[in-house]
A.B. asks: 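Can you keep this structure in mind? I'll have questions shortly.
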Amino acid sequence: MTPRSGKSPRLYDFIVVSNRLPVDSIEDGNGKQVWSRSPGGLVAALEPVMQNHDGAWVGWPGRADLEVEPFDSGGMRLVPVSLSASEVEDYYEGFSNATLWPLYHDVIAAPEFRRDWWDVYKNVNIRFAKRTAEVAERGAVVWVQDYQLQLVPKLLRELRPDLTIGFFNHIPFPSYGLFSQLPWRTQIVEGLLGADVVGFQRDADAGNFSQAVRRLKGFATKGHHIAVPLVDPSPGRRAHGASWDDADTRSVVAKKFPISIDSPYYRETAQRQDIQARARQIRADLGNPKTIMLGVDRLDYTKGIRHRLTAFGELLAEGRVTAEDVILVQVASPSRERVKSYMDLRDEVEVMVGRINGESSTLGHHAISYHHHSYPREEMVALYLAADVMLVTALRDGMNLVAKEYVASRFDNDGVLLLSEFAGASDELKRAVLVNPHDIDGMKDAMMAAIEMPQAERASRMRSMRKRVFEDDVEKWSSGFLHTLTARHPEGNA
Ligand code: GDG
């Protein structure tokens, strides 16, 4: 894992490639440009992995038209890929977040299919692949992240057949019935098949991808393996299906590697006296209610924030809870604010919060304490400690790290996690109170059950979920993925 020196550019034998570098370019008070750690699930998951390897990270620095040379930050070597303002609009806000994101999340919002966005998506993927090829040592291991870069594995394999290439999809992979709407479905599948290992959050996602491969390419699949012909067969031959025994195929692994968190960080932070004091302070500042319910989400329509507000609003309106006794703290961190569906969502959520507070708050007690900001990670842990009930009501979510962070923080074995069955985390955290967020009555009953749950049951559920989150942490996720990847190419050395 040692960067080679003396030559320009430096070469690395382990490289992570993601849309965003794990830092943001911001201006300090004096107008000077500085780097700050960027929020989000991917960064939270990969930072500890990068710090344990002496590798490089290729990605966009987060501001349009910023040309910067590779630099070091937080113990990581960062290799920037620059994007123009119109590329940010078409590749990132457009194709990634207004086409792929809604399509892959079961069309909760309508995906927009625009040919000009697709062209820019392709071009930006080419630029990422080229930049990676320039800094990769011979035989390097490259790990490409997420839906913004699905064409990179194939492009990189064409440029550098010596590389071992992994891909991990952080969001769901949709069923074929939905995926097949995408006009560029075949190119996306071909892009991903350039990897040696394609990782997903859940079995269902890996199964959906394998099905798309069978339907669109006719390649044989067996268990987790896909037989990809070294030379793509003609459509005529494809119709008969490639045989598994073909000697001239390479095998691509498609399977689940459920992502997790740096669990010890959350336990250790929650055990700090100052964080516990802060949690008590939060409770006091909220008027010492009997129950604090908490939601922490990027302000995204996949997270089911409106469904959760509807359920809580009805409980208040029906008098099953009062604002004196129960408060909902909703942190909705700003996200994708230039994408139309996100602007609409913000308006809807804020109208709902205003209406519920208008109807149910008292002079001394708010029903909902709503925060449209990002908080420091330590403040999040204090909030997790203060929360009696954590609400994770996503309509569709690859994993949902917030659910795992809450569990890891509760070293006191207290607190109740209410968790959507449509979040990947529900495969592992089976002792959460599982809900279908579309079923508002069911969610109201689940909230009441969580509020009223006896202490012994809370402790028993939390203990069993904590065992899982500490056994399967982010270190296990990354080492599991990289082990599978390098085992396929014994010369690979991640
Ligand atoms: C994608 C997939 C998958 C949120 N607000 C603040 C803040 N956060 C942090 C949370 C958590 C992360 O952001 C959000 O992660 P999630 O997993 O909940 O959701 P996505 O951002 O949608 O992530 C998801 C994930 O990738 C990883 O594969 O689980 O399914 O959609 O870590 O704590 N952090 C801070 N302040 C905030 O205000 N510091």
Side-chain angles (χ1 to χ4, degrees), residues 16 18-20 22 24 36-49 96-97 100-102 104-106 108 143-149 167-174 199-202 204-205 256-263 265-266 269-270 275 294-305 329-336 342 345 370-385 387 390-409 417 419-420 422-429 469 472-474 477-478 481:
V16 172
S18 69
N19 170 58
R20 283 284 286 272
D24 287 325
S36 100
R37 187 184 187 280
S38 48
L42 181 57
V43 179
L46 281 179
E47 190 188 38
V49 184
S96 297
N97 288 329
L100 293 173
W101 180 269
Y104 282 31
H105 287 89
D106 289 357
I108 296 167
W143 193 0
V144 183
Q145 308 289 328
D146 230 359
Y147 62 102
Q148 304 93 347
L149 300 175
F167 180 91
F168 185 75
N169 199 50
H170 289 258
I171 67 173
F173 195 89
F200 297 93
Q201 303 277 26
R202 308 177 91 163
D205 302 318
K256 72 163 176 184
F257 294 89
I259 200 168
S260 193
I261 57 165
D262 183 3
S263 308
Y265 166 85
Y266 286 91
T269 306
I275 300 294
L294 174 67
V296 171
D297 313 82
R298 276 186 310 97
L299 187 45
D300 192 299
Y301 50 82
T302 60
K303 302 292 183 184
I305 300 170
V329 178
Q330 177 64 55
V331 175
S333 33
S335 184
R336 304 176 192 169
Y342 288 74
L345 173 72
Y370 171 79
H371 307 271
H372 184 249
H373 341 274
S374 256
Y375 287 98
R377 215 153 46 134
E378 294 180 354
E379 181 76 352
M380 306 284 289
V381 177
L383 279 166
Y384 292 147
L385 271 186
M390 182 80 217
L391 301 177
V392 176
T393 60
L395 305 175
R396 179 56 79 194
D397 214 333
M399 176 55 63
N400 194 290
L401 297 181
V402 167
K404 292 186 172 182
E405 290 165 3
Y406 178 66
V407 168
S409 301
L417 174 64
L419 176 60
S420 164
F422 302 116
S426 67
D427 281 358
E428 297 162 84
L429 303 178
V469 166
D472 295 335
D473 66 3
V474 73
W477 169 74
S478 56
F481 185 94

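We count residues from 1, following the sequence as given. In each ligand, atom 1 is the first atom listed, and ligand 1 is the first ligand listed.
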A.B. asks: Relative to ligand 1, is Pro376 under 4.0 angstrom through side chain, backbone, both or neither, heavy atoms considered?
C.D. replies: backbone

A.B. asks: Indicate yes or no: does an N/O atom of His105 lie under 3.5 Å from an N/O atom of ligand 1?
C.D. replies: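 N/O-N/O distance below 3.5 Å does not exist for this pair.
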
A.B. asks: Could an N or O of ligand 1 be found under 3.5 Å from any N or O of Tyr266, whether backbone or side chain?
C.D. replies: no

A.B. asks: Atom 16 (P) of ligand 1: which of Leu401, Asn169, Val331 has the nearest heavy atom?
C.D. replies: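 Of the listed residues, Leu401 has the closest heavy atom.
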
A.B. asks: Counting both backbone and side chain atoms, is some N or O of Gly398 under 3.5 Å from an N or O of ligand 1?
C.D. replies: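 Yes: some nitrogen or oxygen of Gly398 is under 3.5 Å from one in ligand 1.
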
A.B. asks: Could you tell me the separation between the CG atom of Leu419 and the CD atom of Glu428, rounded to the nearest 0.5 Å?
C.D. replies: 10.5 Å

A.B. asks: So, taking the atom named OH in Tyr406 and the one named CG in Leu391, what distance separates them when rounded to the nearest 0.5 Å?
C.D. replies: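 Those atoms lie 9.5 Å apart.
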
A.B. asks: Is the contact between Tyr384 and ligand 1 made by the side chain, the backbone, both, or neither, using heavy atoms and a 4.0 Å cut-off?
C.D. replies: side chain

A.B. asks: If you round to the nearest 0.5 Å, how far is CD of Gln201 from CE of Met399?
C.D. replies: 4.5 Å

A.B. asks: Using a 3.5 Å distance criterion without hydrogens, assess whether the side chain of Asn169 forms a donor-acceptor pair with backbone atoms of Ile171.
C.D. replies: yes

A.B. asks: Taking the six-membered ring for Trp, are the ring centroids of Trp477 and Phe168 within less than 6.0 Å of each other?
C.D. replies: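 Yes - the distance between ring centres of Trp477 and Phe168 falls below the 6.0 Å cut-off.
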
A.B. asks: Tell me which part of Lys303 gets within contact of ligand 1: side chain, backbone, both or neither, using heavy atoms under 4.0 Å.
C.D. replies: side chain

A.B. asks: Say you draw a straight line from CZ of Phe422 to CD1 of Ile108; how long is it, rounded to the nearest 0.5 Å?
C.D. replies: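 Phe422 atom CZ to Ile108 atom CD1 measures 9.5 Å (nearest 0.5 Å).
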
A.B. asks: State the CG-NE2 distance between Asp397 and His105, to the nearest 0.5 angstrom.
C.D. replies: 6.0 Å

A.B. asks: Rounded to the nearest 0.5 Å, what separation is found between the CE atom of Met380 and the OH atom of Tyr375?
C.D. replies: 9.5 Å

A.B. asks: Does ligand 1 have an atom under 4.0 Å from some heavy atom of Gln201?
C.D. replies: yes

A.B. asks: Report the part of Ser333 in contact with ligand 1, treating N, CA, C, O as backbone and CB onward as side chain, heavy atoms under 4.0 Å; options are side chain, backbone, both, neither.
C.D. replies: side chain

A.B. asks: Is there a polar contact, in the sense of an N or O pair closer than 3.5 Å, between Met380 and ligand 1?
C.D. replies: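 In fact, backbone or side chain, Met380 has no N or O that close.
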
A.B. asks: With a 4.5 Å cut-off on side-chain heavy atoms, are Leu401 and Ile259 touching?
C.D. replies: yes

A.B. asks: For ligand 1, which atoms, with element, lie under 4.0 Å from some heavy atom of Arg377?
C.D. replies: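 The list of qualifying atoms is 39 (N).
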
A.B. asks: Ligand 1 and Glu405, any nitrogen or oxygen pair closer than 3.5 angstrom?
C.D. replies: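 Yes, there is a polar N/O contact under 3.5 Å.
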
A.B. asks: Heavy-atom contacts under 4.0 Å between Arg298 and ligand 1: side chain, backbone, both, or neither?
C.D. replies: side chain

A.B. asks: Determine whether the side chain, the backbone, both or neither of Trp101 has a heavy atom under 4.0 Å from any heavy atom of ligand 1.
C.D. replies: side chain

A.B. asks: When you measure from the centre of the six-membered ring of Tyr104, is the NZ or CZ of Arg396 closer than 6.0 Å and no more than 45° off the axis?
C.D. replies: no

A.B. asks: Is it the side chain (CB and beyond), the backbone, both or neither of Val402 that lies under 4.0 Å from ligand 1, heavy atoms counted?
C.D. replies: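 Val402 to ligand 1: contacts from backbone and side chain alike.
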
